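All heavy atoms count here, side chains included; hydrogens, waters and symmetry mates do not. We name chains A, B, ... by the order of the sequence lines, and we start the count at 1 in each one. Quantities reported herein were computed from a predicted structural model and do not represent experimental measurements.
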Amino acid sequence: MTPAPSTGAAPASAAARAREPARGGGDAYEDVLVASHLTRRFGDRVAVDDVSFHIAPGEAYGLLGPNGAGKTTTIRLVCGLLSPDDGSIEVAGIDVTAGATRAKARIGYVPQEVSLYPDLTARENLAFFGRLYRLSGSALRARVDEVLELVDLTDRADDRVDAYSGGMRRRLNIGASLLHRPELLVLDEPTVGVDPQSRHAIMESIRALGSSGLAVLYTTHYMEEAERLCDRVGIIDRGRLVAEGTRRELVARVGERDRILLSASGSLGSFAAACRSMEGIDSVDVSDSTVELLARDGRLRLPTVLAAASSAGASVRSVEVVEPDLEAVFLHLTGTALRE
Amino acid sequence: MTAVTLAWTELRRAARDRTFLFFVLFLPFMVILLIGVTTSGFTQERVAVVQADRSAMADALVAGLDAAPGLRVVRATTRDAGVQRLRSGEVTAVVLVPAGFSSTLQSGGSVVVPVLSTGEVGSGGSTLTTIRSVVARQAATVQAAAFATRSVSGTFDQNHARALALQRESPTAGVRTEVVDSASSYLPLGFSYSAPTMLVLFVFINATAGGAAIIQTRRLGIFSRALAAPVRPRDLVLGEGLCYLTLAVAQAALIVLVGGLVFGVNWGNPLAATVLVTVWCLVGTGAGLVSGTLFHTPEQASAIGPAVGIAFGMLGGCMWPLEIVPAGVRAAGHLTPHAWAVDAWVTLLSRGGGLSDILGPLAVLSAFAVALLGTATLRLRRSLTTA
């Protein structure tokens, strides 16, 4: 994919954050998205619990959390597909609940699954979704051609979607949300099930869209995607936003601690117990044949850790020391590893 | 606008579905042909003719029998062969045209045409009556020719030809018999029966099978994605309804057109037929939308929907006339909308009825349409807003 043409939006600098909306109809706003104290329950289960965050124009915001953490529910609340039980959402200064039609016209929604007609061509699919956003005639045709170019599918525009590869479908899935030149692009785990090459292409294109001034809300449970793509990250677990900030800010909360990943067998419980009593080890997590430690100066602790493994009757097959990242932040904040 | 966009897109997809096209463009007409041909001969009784006189007058008598309503002539070479066919039930009667039939009549003598039958009860009685009327009709021309030959001028053959011509030109007074009891009248048969009943059947079946498209669209996430656009749930419900109504109207119009042009069906009073087709298409639309909200997978809708439609069609008189089934089954059939639609078509096509004659069935069908469309709208809207 190639970058989107500039929408003329300002970069996410403090000076430029206050601006008029790109199209008429909304009030002046600082942030493209403001979610305040969002709560949504399904029966007794609280799927989203008092979640607040905001996204500035041109900013890419990542919601990072494991499956079932509340990411998709948050996305559906933002897009007006669900109503919050408590709290409010404003998109481009428009309340999503009260002014749903106007607010939705400013959002481009990329669902988790490829939501396209498989028996229509790419061009027909884009024309369909364009019409839903009130585009028509020559303006629609021109915009469809632009988006096809944008997602690098011009050559296959008249092929049916069911003849496409998974990566091509994902690109078209994103393209269908760009037809109406949204101010906020909302992507719900758009790389699930995508091969590495296509994932790289998708990530690059989203980065390019963000740099062109589009605000991006991106959910993922892949830590590396959040690190690579997002200006700020919100960590969500069990419906609650447990932390948010830039990567640097979040890692600072862990205290620059390293993760030590040991692949081992034998008495892992005894080994974990021994690790918990060690100085400099802040957290221990055991899963299947992996023991994950959060440690200050991890490399210096390795001899002690390996000796403890030997004493506890655990046989270590491999060791990896990972310097602080969002995975470590998640482990630190929730006590569990970020995994599918 | 959104509704039209959705309807147009769904119609475009339907037009590319070969299975769907088979059910819309091919199967209905095969079944119309099959049932129409099968039920065309129900009112004809077979009569064996043993013709010992090969004169023109004897040939005219046999032709008269063959042309008589309700009779179909088969040839037998001898009296014994005719009797054998009578005993085996192949024919209802055997007509023996005696040797010298023509010469005796031309010379002014009397001729007796023996007719063998198994009795005058049931169909045998009506067959004998028809044979008697045909023979009497020919005897009238013979008597007229003999009278003219004796009293005026010309040969017998000339006068007989003139008498036949006069008979053809003379006005006639016919009799049509209807057996009336509490629930039935004469049978609607042939293409006038199969074409409208297949219209009823296939509009409904294709609509219920088409429910699969709604389920597929929902499972693809199209509805959810559309609702993230500035689109209201009611626009999507309206769009799906518009799509199904268009398909139902197209299916009905095609059967009316092909039925009229290919099968020679007279669709009766145009206004009444149009109203009936419209109301039935609304019933089909409602059934299709209900199918799309009732089943969970497209496979369920494709398999169960038509099965339900066929069962309703059987109960409702689409496969065989309700006049021939027991009263209890007939009453049960009227729990389906199909029976009311078939009743209305029989009234229009077989009894020459008009709009006022089908107001009762139309009212019932309208109630079905309202109930189905209302249920479907509520269910579809709920599935969209809680998805």
Side-chain angles (χ1 to χ4, degrees), chain A residues 25 42 72 75-83 91 94 96 99-121 123-137 140 160-162 169 173-174 176-177 179-180 182 184-188, chain B residues 1-22 209-210 212-240 242-243 247 292 297-299 301-302 380-387:
Chain A
F42 295 103
T72 296
I75 289 271
R76 294 175 71 78
L77 289 167
V78 167
C79 293
L81 295 170
L82 285 174
S83 297
V91 172
I94 303 163
V96 170
T101 303
R102 286 196 307 144
K104 286 176 177 180
R106 288 162 167 78
I107 302 172
Y109 170 53
V110 183
Q112 190 170 354
E113 301 299 328
V114 174
S115 299
L116 301 165
Y117 286 115
D119 44 5
L120 297 185
T121 66
R123 193 184 298 282
E124 289 167 341
N125 266 288
L126 292 180
F128 169 72
F129 286 109
R131 287 191 188 96
L132 295 187
Y133 286 93
R134 318 281 162 81
L135 297 174
S136 62
L140 173 63
R160 282 168 50 135
V161 170
D162 52 13
R169 290 180 203 191
N173 201 37
I174 294 172
S177 66
L179 288 155
H180 57 297
L184 172 66
L185 183 63
V186 179
L187 302 105
D188 189 5
Chain B
M1 183 60 192
T2 299
V4 175
T5 296
L6 179 64
W8 172 246
T9 303
E10 295 287 0
L11 288 170
R12 178 180 279 188
R13 297 180 65 214
R16 291 177 186 176
D17 184 342
R18 288 180 185 174
T19 307
F20 179 77
L21 292 179
F22 171 80
I214 292 181
I215 299 167
Q216 193 187 28
T217 303
R218 188 175 68 224
R219 285 160 67 100
L220 283 170
I222 302 289
F223 286 145
S224 183
R225 185 169 202 159
L227 288 171
V231 170
R232 295 163 300 187
R234 68 165 176 255
D235 294 329
L236 299 183
V237 174
L238 191 61
E240 288 293 344
L242 199 57
C243 168
L247 288 173
T297 66
E299 292 75 21
S302 301
L380 187 55
R381 196 178 160 83
R382 191 191 311 157
S383 75
L384 291 174
T385 51
T386 59

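Residue with the most contacts toward chain B among E113(A), E124(A), R134(A): E124(A) (heavy-atom pairs, distance under 4.5 Å). Counting heavy-atom pairs closer than 4.5 Å to chain A, the top residue among G221(B), A229(B), A226(B) is A229(B).
Although no hydrogens or angles enter the test, the distance criterion places no donor-acceptor pair under 3.5 Å between the side chain of R131(A) and the main chain of L6(B). With hydrogens and angles disregarded, a donor-acceptor distance shorter than 3.5 Å links the side chain of R16(B) to the backbone of D119(A). Under a 3.5 Å cut-off, the side chain of S115(A) and the backbone N or O of L220(B) do form a donor-acceptor pair.
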Stepwise side-chain contact (heavy atoms from CB on, under 4.5 Å) test for I222(B) and F129(A): CA-CA 9 Å; I222(B) 302 289; F129(A) 286 109; 4.0 Å; yes

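The shortest heavy-atom contact between R225(B) and L116(A) is NH1-CD2, 4.1 Å. Of all non-hydrogen atoms in Y133(A) and A228(B), the two that sit nearest each other are OH-O, 3.8 Å. The heavy-atom pair separating K104(A) from L227(B) by the smallest distance is NZ-O, 2.7 Å.
In this structure, chain B has no heavy atom under 4.5 Å from any part of S136(A). Contact annotation for A176(A): both backbone and side-chain heavy atoms come within less than 4.5 Å of a heavy atom of chain B. Heavy atoms closer than 4.5 Å to chain B are found in both the backbone and the side chain of N173(A). Of the atoms belonging to V114(A), it is backbone heavy atoms, and not side-chain ones, that fall under 4.5 Å from chain B.
Contacts of L242(B) classified as side chain to side chain contact (heavy atoms under 4.5 Å, CB included), with partners at least two apart in sequence or in another chain: V4(B), A7(B). Every ring-ring contact (aromatic ring centres under 6.0 Å, His included) that F128(A) has, sequence neighbours left out, goes to Y117(A).
Here the CG-CG distance, from L132(A) to D235(B), works out to 9.5 Å after rounding to the nearest 0.5 Å.
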